[in-house]
**Student:** 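This is the structure I want to talk about, given as structure tokens.
Sequence lines set the chain letters: A, B, ... in the order given, protein chains first and strands last, and positions in each chain run from 1.
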Amino acid sequence: MAKHNIPSAIRGTQDIFGEDQERFGHVVETFDRVRRLYNFKRAELPVFEATGVFARSLGESTDVVSKEMYSFEDRSGDSLTLRPEFTAGIARAYLTNGWQQHAPLKLATHGPLFRYERPQKGRYRQFHQIDAEIIGAAEPQADVELLVMADQLLKELGIDQGVTLQLNTLGDSATRAAWRTALVDHFEKHKGELSEDSQNRLETNPLRILDSKEAQDRPIADSAPDIDEFLSDDAAAFFASVTSGLNAANVAWQRNSRLVRGLDYYRHTAFEFVTDRLGAQGTVLGGGRYDGLIQNMGGPATPAVGWAAGIERLAMLVDTLQTPKLDVAVVAENRDRESEAMALVSQLRRGGVSTEIFATGSPKKRYNRAVKTSPRFIASLDVRDGEKTQGLSAQGDEADDRITSLFDNRAWLKG
RNA sequence: GCGAUCGUAGCUCAGUUGGUUAGAGCGCCGGUUUGUGGUACCGGAGGUCGGGGGUUCGAGACCCCUCGAUCGCCCCA
């Protein structure tokens, strides 16, 4: 199968074609339609950035930065990194282009991301996300708007069944710091009972112990102090506005006080849309508020919220799509009619009708090949008993005046 | 990074306890038949059995290594 001398695809990359591409394209098109309804502007951003853009903002100790980035030196010796996520690059673009003048700015984008991970169902080294961000909006209404948009997107894709919105707050930075300290204290006390993984997490990312799947970790994680004990009044009020906004918009949600986000920059609202239909890769859309990120990057204090969703994961949930049918298959059943067939095809295409020509290979089999593409109409050009014959036949029971009149206009017929 | 399963024509797969020139269906190309029709029949092209090494008189089948896919762990979207 894999022949010698034929290059193979890089591990974890995909060549998306056929039905998979139909689903993929459907997700992107639906996103683009929905983001217009919410008046988000499209942005196209570079696929690589200076390494520091990601390393500093995501957190040096996160797995994404410490072992998953595709980083390399370019010819001038600068360290560059293929984007492992969108948010940091968008924040950078916001600052370098002076987009403060447009604040609050609602941005949407999509494209490839790169992470050096072990490939698995719904997990690739080059994967694709759709992404929505609101930058320069401190109000909880921004969080609500983003969540309502996500909810509508999933509904329009027809995949809201079995997908639940899990919501949490991480509080402001003082809250998060106090909670984190209390968690570390709690876990230190039970360190000996924790799994090996979780003992490591205690050093690197203690919040992650909360959603550990190890049975031996569960009692300790479940008895850990809750964020609610540490929430400042402002942070609690903020979260209350988000939840009441969701209720007002009729978006179903579940509080998950153990929900934690992997990247360091999140504050306040954190959320994931989760399904049980994708095995281990259950998170289909995730995000939250990252008020401190832009300031950390050297810009002015700028509140922001956003989310991203994996296009491949969404596409896997989408039901089989009916692909749009070809309008007309033009068949030259005789070699002497081939150039006229080409003329007819051009006339139809210029008239806005999707058309394919069948004028190669065995004349006897051209018609059969045309039938197999399941077109709406078949136009047949033949020579019978020395006479030219031509006909247009509908394959279903539908009529189409536009196609009929383009065919009946015999400009393509010579002599 | 760790564990498990898998890898035979373009595609989906058979290949019996290791035994002569590796098979089918679909697809592709050609022919005959039919003659306004996705017909039937005949023929053809296309495989270093993922790659490398080993065991054996003999390996697609067994062993080791390697690459890739899949499913978990981890991480995350």
**Student:** Need one value for Gly122(A): base, sugar-phosphate or nothing, where a base atom within 4.0 Å counts as base even if backbone is also close, heavy atoms only.
**Tutor:** base
**Student:** Round to the nearest Å and state the distance from Met316(A) atom CE to U70(B) atom P.
**Tutor:** 10 Å
**Student:** Write down the distance between NZ (Lys121(A)) and C1' (A4(B)), rounded to a whole number of angstrom.
**Tutor:** 17 Å
**Student:** Separation of Arg118(A) atom CZ from C2(B) atom P, in whole Å?
**Tutor:** 8 Å
**Student:** Less than 3.5 Å between a donor and an acceptor, one on the side chain of Glu333(A) and one on the base of G37(B), is that the case here?
**Tutor:** yes
**Student:** For Gly282(A) and Pro119(A), take the nucleotide of RNA chain B holding the closest heavy atom to each; which residue's nucleotide lies nearer the 5' end?
**Tutor:** Pro119(A)
**Student:** Would you mind reading off the distance between Gln166(A) atom CD and A77(B) atom C1', rounded to a whole angstrom?
**Tutor:** 15 Å
**Student:** Whom does C2(B) pair with, Watson-Crick or G-U wobble, provided both distances fall under 3.5 Å?
**Tutor:** G72(B)
**Student:** Looking only at side-chain N and O atoms, does Gln120(A) come under 4.0 Å of OP1 or OP2 in G72(B)?
**Tutor:** yes
**Student:** When you compare the ring of Phe127(A) with the six-membered ring of A77(B)'s base, are the centres less than 5.5 Å apart and the planes under 30° from each other?
**Tutor:** yes
**Student:** Asp15(A) has an atom CG; how far is it from atom C1' of G68(B), in whole Å?
**Tutor:** 14 Å
**Student:** Rounding to an integer number of Å, can you tell me how far Asp382(A) CG sits from G37(B) P?
**Tutor:** 14 Å
**Student:** Taking OP1 and OP2 of G27(B), is either one under 4.0 Å from a side-chain nitrogen or oxygen of Lys372(A)?
**Tutor:** yes
**Student:** Would you kindly give the CD-to-C1' distance between Glu272(A) and C75(B), to the nearest whole Å?
**Tutor:** 12 Å
**Student:** Just N and O in the side chain of Lys213(A): are any of them under 4.0 Å from OP1 or OP2 of C74(B)?
**Tutor:** yes
**Student:** Take atom CD of Glu203(A) as the centre, draw a 6.0 Å sphere, and report whether it contains more than 12 heavy atoms from other residues, nucleotides or ligands.
**Tutor:** yes
**Student:** Aromatic rings His190(A) and His186(A): how do their planes relate, parallel, tilted or perpendicular, breaks at 30° and 60°?
**Tutor:** tilted
**Student:** Between Arg258(A) and Asp226(A), is there a salt bridge with N-O shorter than 4.0 Å?
**Tutor:** yes
**Student:** Confirm from the modelled atom types if Arg123(A) and G72(B) form a donor-acceptor pair under 3.5 Å, side chain to base only.
**Tutor:** no
